[in-house]
Amino acid sequence: MREQLSEFFSWSWFQPETFKSYEWQYPILLNLIWIIPVAMLFRTFVKFLKNPVLELSLPKRVANNNPWTYLRLIPAGFFYLFLIMLVVALARPQRSNERVEQFTEGIDIMLVLDISESMDLQDFTPNRLEAAKATAIEFINGRVGDRIGMVVFAGEAYSLAPLTNDYELLTDLVNEISFSMMEAKGTAIGSALASGTNRMKESESASKVMILLSDGESNAGNVDPLFAANLASALDIKIYTIAMGKDGLVPYGTDFFGRPQMVESYLDESTLREIAKIGNGEFFRASDAGTLLSIFDRIDTLEKTEVIENRYKETADYYRTYLFWGLMFFFVWLGLKSSFLNNFLLD
């Protein structure tokens, strides 16, 4: 109670910065502040015309400007302050604070990345793997509220990261991906899909997505790719497949004279198409870095996280403070209006 009273007696209520910070519910009433003195002067003028004037002979020391005569203005000043506080209170000073709460219905996304030796081919700059890593990082950092996991594979599959919202950790893990992570040679697409499905089987998300990126045909592992795709589909996991690279001769390193060497590249597009069909997703073909980026942008658009936004506006009223001060000035005026100050040199 004492703290509440001390707040009312703070001089900060009358600082210009305080009044500038307010929002006024009835700002038009503030014009009364300029009308009040005009009305009071008009009342004084009318009263002066109606009252008879009696000339008195006063001592010379009183006839001159005597500062004591101005004491009679003090009660009127308190009454004027009372009216100003009343007007301020009626104008309803307020401060509003808008609060925004966001809820996201996140998507669970598993990135399944091929890191077999063929991903070292250089039809992408500097090679297929580095281009895929850069695009994956951009995709990860562009998501909001989603859990993202990572599986890498060559001749076998390895779960690099479980589903997580820690995008910084994911980015660091993707940056560390290299060909030396896998000793087993080949491309085990079926094992990779099975590993990703295993990571997502306990997910309770309304939307589950797997993005498979590979540049070769499945020639390793002990799980058939189509069987793994059916298993994922049974768990309501949507599969997008990206065939990365070009068929035919592609650059790979340089010879003794610094000239680019060309090697044969073959990609089993039909299997990846069938996987996407089984997984109720889409198949994409990326022949360069620009196309790969646009594919991830397309997937980002198709699998957009729903953001629910609630706005709350909290409004605090401050009219009570100025009404309190107005009553204080009014009671002071009541106490002074019949005192000697109000009648000083008027009788």
Side-chain angles (χ1 to χ4, degrees), residues 100-115 119 124 128-153 157-178 181 189 192-215 229 232-233 235-244 272 275-276 279-286 288-311:
V100 179
E101 291 183 356
Q102 287 188 339
F103 302 92
T104 58
E105 293 186 0
I107 298 171
D108 282 350
I109 302 173
M110 185 63 66
L111 299 177
V112 183
L113 179 61
D114 187 349
I115 62 168
M119 289 290 286
F124 287 73
R128 293 176 179 178
L129 179 60
E130 292 302 320
K133 285 166 57 177
T135 307
I137 289 172
E138 189 169 337
F139 176 79
I140 290 168
N141 292 328
R143 304 299 295 187
V144 178
D146 299 325
R147 295 196 306 166
I148 302 176
M150 192 88 187
V151 170
V152 293
F153 69 97
Y158 172 68
S159 180
L160 185 66
L163 293 167
T164 179
N165 296 108
D166 192 342
Y167 299 157
E168 186 176 349
L169 172 64
L170 277 171
T171 300
D172 291 339
L173 290 173
V174 172
N175 278 322
E176 292 174 2
I177 292 174
S178 64
M181 295 178 68
I189 293 177
L193 290 174
S195 180
T197 301
N198 186 55
R199 279 293 190 181
M200 303 184 81
K201 66 180 180 181
E202 296 181 0
S203 169
E204 296 180 358
S205 175
S207 183
K208 294 174 281 188
V209 174
M210 196 182 303
I211 302 174
L212 170 66
L213 192 150
S214 179
D215 71 340
S233 180
L235 295 174
D236 295 322
I237 299 173
K238 186 184 292 186
I239 305 174
Y240 292 95
T241 58
I242 303 173
M244 188 171 182
L272 293 179
I275 290 171
N280 297 310
E282 289 188 31
F283 166 81
F284 301 95
R285 182 69 185 261
D288 54 56
T291 308
L292 181 63
L293 184 60
S294 66
I295 290 169
F296 271 90
D297 288 340
R298 167 71 174 161
I299 297 173
D300 186 60
T301 304
L302 291 171
E303 301 296 336
K304 208 65 180 176
T305 300
E306 183 180 359
V307 179
I308 303 171
E309 186 174 87
N310 293 328
R311 291 181 177 269

Original post:
Considering residues at least two apart in sequence or located in another chain, which fulfil the side chain to side chain contact (heavy atoms under 4.5 Å, CB included) criterion with Asn280?
Top reply: Ser233
Original post:
Looking only at heavy atoms, what is the nearest atom pair of Tyr240 and Lys238, with distance?
Top reply: OH-CD, 3.5 Å
Original post:
Can you find a heavy atom in the side chain of Phe284 that is under 4.5 Å from one in the side chain of Arg298?
Top reply: yes
Subject >> For the student: nearest non-hydrogen atoms of Val151 and Ala157, plus distance >> reply: CG1-CB, 4.4 Å
**OP:** Check for a donor-acceptor pair, side chain of Asn198 on one end and backbone N or O of Ala194 on the other, with a separation under 3.5 Å.
**Re:** no
**OP:** Locate the shortest heavy-atom distance separating Ala131 from Met244; write the atom from each residue and the value.
**Re:** CB-CE, 4.1 Å
**OP:** To the nearest 0.5 Å, tell me how far Phe139 CZ sits from Ile211 CD1.
**Re:** 4.0 Å
Original post:
Where is the tightest heavy-atom contact between Leu170 and Ala161, given as atom of each residue plus distance?
Top reply: CD2-CB, 3.7 Å
**OP:** Report the residue from Val112, Leu212, Leu272, Ile299 that forms a side-chain contact (heavy atoms from CB on, under 4.5 Å) with Ile242.
**Re:** Ile299
**OP:** State the CG-CZ distance between Asp300 and Arg143, to the nearest 0.5 angstrom.
**Re:** 4.5 Å
Original post:
When rounded to the nearest 0.5 angstrom, what distance separates OG1 in Thr135 from CD in Glu130?
Top reply: 11.0 Å
**OP:** Ignoring hydrogens and angles, state whether a donor on the side chain of Asp288 or Thr291 is under 3.5 Å from an acceptor on the partner side chain.
**Re:** yes
Subject >> Met200 side, atom CE; Ile237 side, atom CD1 - distance, nearest 0.5 Å >> reply: 5.0 Å
**OP:** Identify which one of Ile140, Val209, Leu213 satisfies the side-chain contact (heavy atoms from CB on, under 4.5 Å) criterion when paired with Leu111.
**Re:** Ile140
Subject >> Considering all heavy atoms, the nearest Leu113-Leu129 contact >> reply: CD2-CD1, 4.0 Å
Subject >> Close side-chain approach of Ile115 to Met181, heavy-atom, < 4.5 Å >> reply: yes
Original post:
Which pair of heavy atoms, one from Met210 and one from Ala232, lies closest together, and at what distance?
Top reply: CE-CB, 4.5 Å
Subject >> Distance in Å, Thr241 OG1 paired with Ile275 CD1, rounded so as to fall on 0.5 Å steps >> reply: 6.5 Å
Original post:
salt bridge (charged side-chain N to carboxylate O under 4.0 Å, His left out) between Arg147 and Asp108: does it pass, once the steps are laid out?
Top reply: CA-CA 5 Å; Arg147 295 196 306 166; Asp108 282 350; 2.8 Å; yes
Original post:
Taking C-beta and beyond as the side chain, do Leu193 and Phe153 meet within less than 4.5 Å on heavy atoms?
Top reply: no
Original post:
Where do Glu138 and Leu293 land on the side chain to side chain contact (heavy atoms under 4.5 Å, CB included) test, with the steps shown first?
Top reply: CA-CA 9 Å; Glu138 189 169 337; Leu293 184 60; 3.7 Å; yes
Original post:
If you round to the nearest 0.5 Å, how far is CZ of Arg199 from OG of Ser159?
Top reply: 3.5 Å
